[in-house]
Amino acid sequence: MRWCPSSMLHLCCLRSRSCTRRGRNKLPLWIREIWAYMRVLVQSLYFNSLTDSDVVFDSVFEPVFWTVDYVTRWFGTVFVCLVVLLTSSIVVIAYIVLLPLVINTYSPAWIAWHICYGHWNLIMIAFHYYKAAKTSPGCPPTEKNDAPFVSVCKKCIMAKPARTHHCGICNRCILKMDHHCPWLNNCVGHFNHRYFFSFCLFMTLGCVYCSISGRNLFLDAYNALERFKHLDAEKQGVPVTGMALLIGLLPPGKTNYQTSAPPYTFKDKMIHKSIIYMWVLTSTVGVALGALTIWHAVLISRGETSIERHINNKETKRMAKWGKVYRNPFNYGRLNNWKIFLGVEKRSHWVTRVLLPSGHAPYGDGLTWDIFAVKRDLIAV
């Protein structure tokens, strides 16, 4: 039998490949999954001739996006606990510190106003925050249906109706997606958009109310703490020398005259610090959240979401190059947009559905958007 070098070379290659596979199989499962995932990302860069800069950008930065989404998803629970903790601390200070001061200072009419408005505002904040966090924003159906769609999600590989976008943090498509809110640990979409905006609005009103009504208390508490610091810096004993020792101001053997105890206690310090904490926190949150609320109010008036704002700007510029004017198909007029968003069909709904807690569902199912044609007689300006 003759020796064939080509056959031996082929046998060595097979052995090396089998050894490589054996060594790779010995690696932990999570390492093999990451390696396979990275290979898919690299292969996607030259998948077909339709690959453009957006596909390359998404593929290259996919690990970064995944890390950000994972961290945001994990920190969502922390943010929710932080909102509950900070809001509860303000409520505790209001009941323990401010309420006794209001009862002992103001007239009965002002006492009734503060108690009624404060509790109404607190109920609206708690109700809308709970509903915004617990209500599902809405997802497209997973089974086959006849609902119209405008595109196919490249991550879910499913049909996307109009105004639907994919959320990388929730890892699903959201109907009429506005954004993912880490403070809710939930997406803001078709079925909880009203709850989110109402929470922002009433939380802003509550912060402004606490900031304005507690301004004088804040100034008094700040000045009192400054006086406490000066009193603490002063010496408690005043040395007595010279003629004072001769005329017998002190008993024999003593050379210091002890002053009386300071006229404040630890409880006084804590009360003043609580008032300062409440005023600073409510003022800061009121400014930041107020700006966000105004921005969303502008978007609602235009009949668009945060994501659609960027899309509409791009479409406006693209159409302008062709000498055409782009018109948002979901803009039904400023007042009609608000009526559709808030679910107002008659005048009494401004009270029962806007000024009072209401769990009514929004117009439509989030899959089709022919609201204006159907509800023309109900929401006419």
Side-chain angles (χ1 to χ4, degrees), residues 78-133 181-184 195-233 262-297 351 354-357:
V78 178
F79 287 145
V80 171
C81 295
L82 189 61
V83 171
V84 175
L85 181 62
L86 294 178
T87 306
S88 301
S89 65
I90 298 300
V91 174
V92 170
I93 293 173
Y95 273 104
I96 296 179
V97 179
L98 298 184
L99 187 59
L101 293 176
V102 169
I103 294 176
N104 297 328
T105 305
Y106 294 147
S107 62
W110 275 109
I111 293 175
W113 153 254
H114 283 288
I115 292 178
C116 293
Y117 178 81
H119 285 86
W120 169 77
N121 203 342
L122 178 61
I123 291 173
M124 297 297 285
I125 291 173
F127 173 81
H128 287 103
Y129 183 76
Y130 176 80
K131 296 292 287 185
C181 181
W183 299 101
L184 298 176
Y195 297 130
F196 166 77
F197 178 79
S198 298
F199 163 71
C200 293
L201 176 62
F202 289 110
M203 178 64 82
T204 301
L205 293 178
C207 291
V208 172
Y209 164 73
C210 292
S211 179
I212 294 177
S213 61
R215 178 179 177 275
N216 294 331
L217 293 175
F218 165 75
L219 295 176
D220 294 340
Y222 181 80
N223 294 329
L225 287 181
E226 289 296 323
R227 290 196 302 269
F228 293 164
K229 291 180 181 180
H230 290 302
L231 290 175
D232 290 336
Y264 63 90
T265 61
F266 176 77
K267 180 180 179 180
D268 297 331
K269 280 187 175 182
M270 293 306 299
I271 289 176
H272 289 92
K273 289 182 179 180
S274 299
I275 293 175
I276 294 175
Y277 161 78
M278 182 201 70
W279 191 86
V280 172
L281 179 61
T282 54
S283 300
T284 305
V285 174
V287 173
L289 193 59
L292 178 65
T293 305
I294 294 174
W295 167 246
H296 278 279
V351 177
V354 179
L355 299 181
L356 294 177

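Just so it is clear, the values below take in all heavy atoms, side chains as well, and ignore hydrogens, waters and symmetry mates. Just so we're clear, the structure is a prediction, and the values are computed from it rather than from any experiment.
- The side-chain heavy atoms of Pro357 and Met124, taken from C-beta on, include a pair separated by under 4.5 Å.
- Residues Cys207 and Thr282 approach most closely at CB-O, 3.3 Å, considering heavy atoms.
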>> Using ring-ring contact (aromatic ring centres under 6.0 Å, His included), reason through His119 and Tyr95 one step at a time and then give a plain yes or no.
In response: CA-CA 11 Å; His119 285 86; Tyr95 273 104; 5.7 Å; yes
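- Between Ser88 and Val84, some side-chain heavy-atom pair lies under the 4.5 Å cut-off.
- A ring-centre distance under 6.0 Å is not found for Phe196 and His128.
- Heavy-atom minimum distance, Val80 versus Trp183: CG2-O, 3.6 Å.
- Relative ring orientation between His114 and Tyr106 is described as parallel, the plane-to-plane angle staying below 30° on a 0-90° scale split at 30° and 60°.
- A centroid separation of less than 6.0 Å is found between the aromatic rings of Phe202 and Trp120.
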>> Please evaluate residues His272 and Tyr277 with respect to the criterion side-chain hydrogen bond (donor to acceptor under 3.5 Å, both in side chains), reporting the C-alpha separation (whole Å), side-chain torsions for both, the decisive distance (0.1 Å), and the verdict.
In response: CA-CA 9 Å; His272 289 92; Tyr277 161 78; over 6 Å; no
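- More than 12 heavy atoms of other residues, nucleotides or ligands shown are found within 6.0 angstrom of OH on Tyr117.
- Put simply, the side chain of Ile115 reaches to within 4.5 Å of the side chain of Leu99, judged on heavy atoms.
- Contact detail for Ile90 and Leu281: the closest heavy-atom pair is CD1-CD2, 3.7 Å.
- By the 4.5 Å heavy-atom criterion applied to side chains, Met278 and Val97 are not counted as neighbours.
- Under the 6.0 Å cut-off for aromatic ring centres, Phe199 and His296 do not qualify, their centroids lying 6.0 Å or more apart.
- Taking 4.5 Å as the limit, every side-chain heavy atom of Tyr222 sits out of range of all side-chain heavy atoms of Ile275.
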